[in-house]
Amino acid sequence: MLKGIVLKIPSDDIIVEAVQIFVEKIGLTAGINEEDVTGLSIAVMEVVKNSIEHGNGGDPKKQVTIHVDAYPGRLQFLIDDCGSWQPDADMGHKPGEGEALVSSRGRGVLIARNLARWLDYGLNPEGKTRVTLIWPLS
Amino acid sequence: MKIKEEIKDGVMVIRLSGKVISGPDLMDLKSVFQTAVSKATGNVLLDLGHVAWMDSSGLGVLVSGHTSLAREGGRMAILNATKKIHELFIITKLITIFETFTDESEALASLKE
């Protein structure tokens, strides 16, 4: 049932909360329990926020595309933006170290990596950033 | 997210519940911290006992509040962080800058020192 779902959003922070609700609905439909589904939605939301900021430079004309597919035992999210950035190289700091410890920003990737069971940054066939997030299904 | 404020033993106690995540609610929390700083109420005890989840934006507001208070000579302590929130503090190493308590009386006594 959860195959080939595609959500395209403009790069605008105001839409992020709606994405979280969308992901929670998808997760619940896939059978993830209510407590874990918030973790999934926050992980996806952190990735989307970074795609908006680092991939698309906050330009509302540029879209972030979220592809969702369920497979036996796993739910897969592919999150594409229009950039070609890498989190460790392009974010300019390591959260939790030095002055970054008291920064009010820059913890999204760290949180997403710890919440998601699998999170990988790569490129899509067009050479743009693609984040693959996989959540196990029981 | 719901925010409740009260002054207890001279300490501003801010009680949060629900999800502390990106969205308009975070602006309200920022305002509460700004009020605490501007009113020079001194120290803040932030009760997270009923916070289900927090994202990086929520953490950012807490760090900003902590920093703003510290700049004015105040302190912020965290009360009753749930297991999930405590894990977030460990992951992000914020556990090294936040004072955390599980007993309100103990927290208030510490903030009155």
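Throughout, protein chains are lettered first and strands after them, A, B, ... in sequence-line order, and every chain is numbered starting at 1.
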* Asked: Should the pair A:Arg74 and A:Trp135 be classed as cation-pi, given the thresholds of under 6.0 Å to the six-membered ring centre and 45° from the axis?
  -> no
* Structure fact -> Greatest number of non-hydrogen atom pairs under 4.5 angstrom with chain B, of A:Glu17, A:Lys49, A:Gln20, falls to A:Lys49
* Counting only N and O atoms by type, is there a donor-acceptor contact under 3.5 Å from the side chain of B:Asp25 to the main-chain atoms of B:Met1? -> yes
* Asked: So, do A:His67 and A:Phe77 have ring centers that fall under 6.0 Å from each other?
  -> no
* Structure fact -> When the 4.5 angstrom heavy-atom criterion is applied to B:Thr96 and chain A, the contacting part is side chain
* For chain A, find which of B:Ser56, B:Ala52, B:Gly60 contributes the most heavy-atom pairs closer than 4.5 angstrom. => B:Ser56
* Salt bridge between A:Glu24 and B:Lys19, side-chain N to carboxylate O under 4.0 Å? -> yes
* Pick one of side chain, backbone, both or neither for A:Leu115, based on which atoms fall under 4.5 Å of a heavy atom in chain B. => side chain
